[in-house]
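What follows is one structure encoded as structure tokens, with my remarks underneath.
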Amino acid sequence: MSSPVRLRFAPSPTGYLHVGGARTALFNWLYARHHRGRFILRIEDTDKERNTAAAVQVIYDGLRWLDLNWDEGPDAGGDHGPYFQSEREAIYERYFQRLQSSGHLYEDAGAWRFRFHRGEVKVDDLICGEIVFDFGNVEIAPDMTIRRPDGSWIFHFVNVVDDIEMQITHVIRGEDHLSNTPKHLQIYEALGATPPRFGHIPLILNKDGSKMSKRDQGASVTSYIEGGYAPEAVRNYLCLLGWSPKDDREVLSIEEVVSRFDLAHVHRKGAHFDLAKCDWVNAQYLQHMPMKRYRELAAPWLAKAGIEAGGPGLEAVLALEKMKVTHLSEVPGRVSFFFTEDYPYDPEAVEKTLRKPGGLDRLAQLAAAYSALEAWDAATLEATLKETAAAAPCKPAEFIHPARVAASGRSIGPSLYHMLEVLGKPRVLARFQRTLARFGA
RNA sequence: GACCCUAUCGUCCAGUGGCCUAGGACAUCGCCCUUUCACGGCGAGAACACGGGUUCGAAUCCCGUUAGGGUCGCCA
């Protein structure tokens with residue numbers, strides 16, 4: 001049996017986690033989990049100016065939100081630490097000495113450069129196949145700086161050293177690194193180390209094909225956290241960007257993706273990000289997830305809106321609108337009137353229903369009929385309303401609309417009878433009476 | 001400019017020489033369901049970038065063109 005695979009996600013703390021970076025992390029994580037290997041988080045914080053604790057926190061938050069747990073790394077420990085490049089100075093120094101003494105380096109204006117071996121370099125990519133790069137002369141491939149005059153390190157060098165030291169077996173990264181790979185391979189060779197297998201995944205672009213940058217809609221993982229998305233939905237959507245289960249299914253559990261994931265079938269074309277489809281996947285998840293999970297995800301949004309909601313009745317309220325929600329951020333607005341008797345009346349709705357000739361009369365009739373009721377369930381409420389309408393006589397809608405506006409203040413909302421059932425008899429009758437008093441002549 | 005990657009509906013994917021008059025999903029439009037708003041159901045329009053080969057046969061293989069993306073830093 002072969003030794004377990006080891007993969008890593010090595011972001012630089014820039015203050016935000018790009019959705020493309022999240023997808024790279026996801027693919028590494030999927031590959032590691034599929035092969036029952038290890039997934040490692042390494043923070044590439046060599047650029048001291050840009051690094052802040054907050055910027056690192058954004059990475060943790062994003063990965064944790066997507067539930068991409070790491071086996072080694074900050075907070076997780078491991079035998080190959082430290083997991084911050086800023087703390088690995090001694091290791092780099094050691095490798096630097098080795099390159100220096102083997103004659104691979106030369107000094108140029110205070111900086112140290114790595115001398116490329118002149119010839120062809122072959123990259124055998126897990127996704128792109130075999131690619132040959134020409135390092136024939138300095139014009140085509142200038143030597144590479146690996147250490148600045150101030151002693152600090154350049155990405156290409158520390159990245160390779162860390163992958164060697166951390167015994168990384170597979171590097172899945174963005175296609176923007178494809179051209180860097182032959183350079184990295186040269187460092188491995190100079191160090192006498194066996195390089196990992198590489199797999200370059202295409203970049204994620206904006207819907208219009210342009211490069212997705214920080215400011216673009218949907219570019220940062222934070223925007224999903226703050227936009228009312230279910231993490232499992234975003235993760236599912238991300239899985240589908242460049243990979244598919246091949247059987248036309250689109251909503252699938254992460255367990256299933258883990259078991260079916262492979263690199264051989266990863267698409268090589270850059271994927272255009274379609275937020276509308278991401279929204280659809282999110283709605284699918286929200287609609288079909290268990291009530292317990294839905295409540296858990298909705299709770300912070302209710303709290304943020306100042307709605308004190310709890311107790312067993314909450315789930316009944318949430319269930320009324322669960323099938324309609326696309327973003328969790330909509331939840332408070334949809335259910336707010338359940339949690340206060342001081343709900344506002346939509347002026348337009350009032351005009352169209354309550355102020356309509358006979359509107360209040362019918363509301364009064366319905367109030368009378370309902371107050372006589374023993375049972376208080378949707379079926380009974382519906383039957384009673386329809387009987388009342390038949391006796392009037394008029395169409396049920398003539399009763400339905402005033403009842404809805406009286407009970408909720410609006411013309412749009414959940415199924416009327418279920419809404420009244422959840423509200424309960426005392427509150428419904430009180431709301432009807434209050435409405436009659438307020439808008440009555 | 002040089003080098004590299006890529007090229008199927010607007011978008012994401014399926015398709016690895018015959019099963020393709022190209023399939024699914026999102027989006028769009030229409031119809032149905034319906035007390036509102038949604039969900040859902042049914043249906044429509046919508047693509048193999050172009051030109052050469054190879055082959056009995058090509059969306060699938062090869063070459064070229066074009067287009068898009070990437071890289072060419074003392075950024076990562």
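A note on names: the letters A, B, ... follow the listed sequences, proteins ahead of strands, and every chain is numbered from 1. Hydrogens, waters and symmetry mates play no part in the numbers below; they use all other heavy atoms, side chains included.
Here the nucleotide nearest the side chain of A:Ser12, chosen from B:rC12, B:rC3, B:rA76, is B:rA76. In this structure, the nucleotide among B:rC5, B:rC72, B:rU11 sitting nearest to the side chain of A:Pro142 is B:rC72. When each of B:rA25, B:rG23, B:rU35 is scored by its nearest atom to the side-chain atoms of A:Asp248, the top-ranked nucleotide is B:rG23. The listed nucleotides are B:rC39, B:rA76, B:rC26; the one nearest the side chain of A:Gln287 is B:rC39. Closest to the side chain of A:Glu250, out of B:rG24, B:rA38, B:rC74, is B:rG24. When each of B:rC13, B:rU35, B:rG10 is scored by its nearest atom to the side-chain atoms of A:Ile400, the top-ranked nucleotide is B:rU35. Comparing atom distances between the A:Ser244 side chain and each of B:rG24, B:rC13, B:rG70 picks out B:rC13 as nearest.
Among the heavy atoms of the strands lying under 4.0 Å from A:Tyr417 is at least one base atom, whether or not backbone atoms are also near. Residue contacts for A:Pro396: at a heavy-atom cut-off of 4.0 Å it reaches no nucleic acid atom on any strand shown. Residue-level contact check: A:Ile140 touches neither bases nor backbone, having no heavy atom under 4.0 Å from any strand. Looking at heavy-atom distances under 4.0 Å, A:His288 makes no contact with the nucleic acid at all. Residue-level contact check: A:Arg113 touches the backbone only, with heavy atoms under 4.0 Å from sugar-phosphate atoms and none from bases.
Checking side-chain atoms of A:Asp125 against main-chain N and O of A:His200 turns up a donor-acceptor pair under 3.5 Å.
A residue-by-residue look at A:Glu130 and A:Trp243 shows that A:Glu130 has its nearest nucleotide of RNA chain B further toward the 5' end. The residue among A:Cys128 and A:Ala109 whose nearest nucleotide of RNA chain B is located toward the 5' end is A:Cys128.
Between A:Asp134 atom CG and B:rU71 atom C1' there is a gap of 15 Å when expressed in whole angstrom units. In this structure, A:Glu139 places its CD atom 14 Å from P of B:rA2, rounding to the nearest Å. Between A:Arg404 atom CZ and B:rA38 atom C1' there is a gap of 11 Å when expressed in whole angstrom units. Here the P atom of nucleotide B:rC37 and the CE atom of A:Met323 are 17 Å apart, to the nearest Å. Atom NE2 in A:His418 sits about 15 Å away from atom C1' in B:rU36, given to the nearest Å. When rounded to the nearest whole Å, the span between CG of A:Leu205 and C1' of B:rA67 equals 14 Å. Whole-Å rounding puts the A:Leu241 CG to B:rC26 P distance at 16 Å. For the pair A:Asp262 CG and B:rU16 P, the interatomic distance rounds to 15 Å; values are reported in whole Å.
Under 4.0 angstrom from either OP1 or OP2 of B:rA38 there lies no side-chain N or O belonging to A:Gln284. A:Lys269 has no side-chain polar atom (N or O) that falls below the 4.0 Å cut-off from OP1 or OP2 of B:rG68. At B:rC37, none of the side-chain N or O atoms of A:Arg410 fall inside 4.0 Å of OP1 or OP2 (strictly under the cut-off). A sub-4.0 Å separation between OP1 or OP2 of B:rC74 and a side-chain N or O of A:Thr145 is present. For B:rA38, neither phosphate oxygen OP1 nor OP2 lies less than 4.0 angstrom from any side-chain nitrogen or oxygen of A:Lys322. Distances shorter than 4.0 Å separate some side-chain N or O of A:Thr46 from OP1 or OP2 on B:rA76. Between B:rA14 and A:His267, a contact under 4.0 Å exists linking OP1 or OP2 to a side-chain N or O. Residue A:Ser179 places no side-chain N or O under 4.0 Å from the OP1 or OP2 atom of B:rC4.
Annotation: B:rC19 and B:rU54 have their C1' atoms spaced 23 Å apart (nearest Å). Comparing the C1' positions of B:rA47 and B:rU8 gives a spacing of 6 Å, expressed to the nearest Å. If you take atom C1' in B:rA49 and the same atom in B:rG68, they sit 11 Å apart, rounded to whole Å.
Ring centers of A:His170 and A:Tyr31: under 6.0 Å apart, within the cut-off. Checked against the 6.0 Å centroid threshold, A:Phe27 and A:Phe261 count as a close aromatic pair.
Cation-pi contact between A:Arg147 and A:Trp112: absent, since separation from the ring centre below 6.0 Å together with deviation from the ring axis within 45° is not met. The side-chain tip of A:Lys277 does not point at the ring of A:Tyr237 from less than 6.0 angstrom away and within 45° of straight on.
The pair A:Arg293-A:Glu296 counts as a salt bridge, with a side-chain nitrogen and a carboxylate oxygen less than 4.0 angstrom apart.
With a cut-off of 3.5 Å on both pairing distances, B:rC33 has no Watson-Crick or G-U wobble partner at all.
Below 30°, between 30° and 60°, or above 60°: for A:His184 and A:His177 the angle between ring planes is between 30° and 60°, a tilted geometry. The aromatic rings of A:Phe114 and A:His104 lie parallel to each other, with less than 30° between the two planes, well short of the 60° mark.
Taking the syn range as angles within 90° of 0, the glycosidic angle of B:rC39 is syn.
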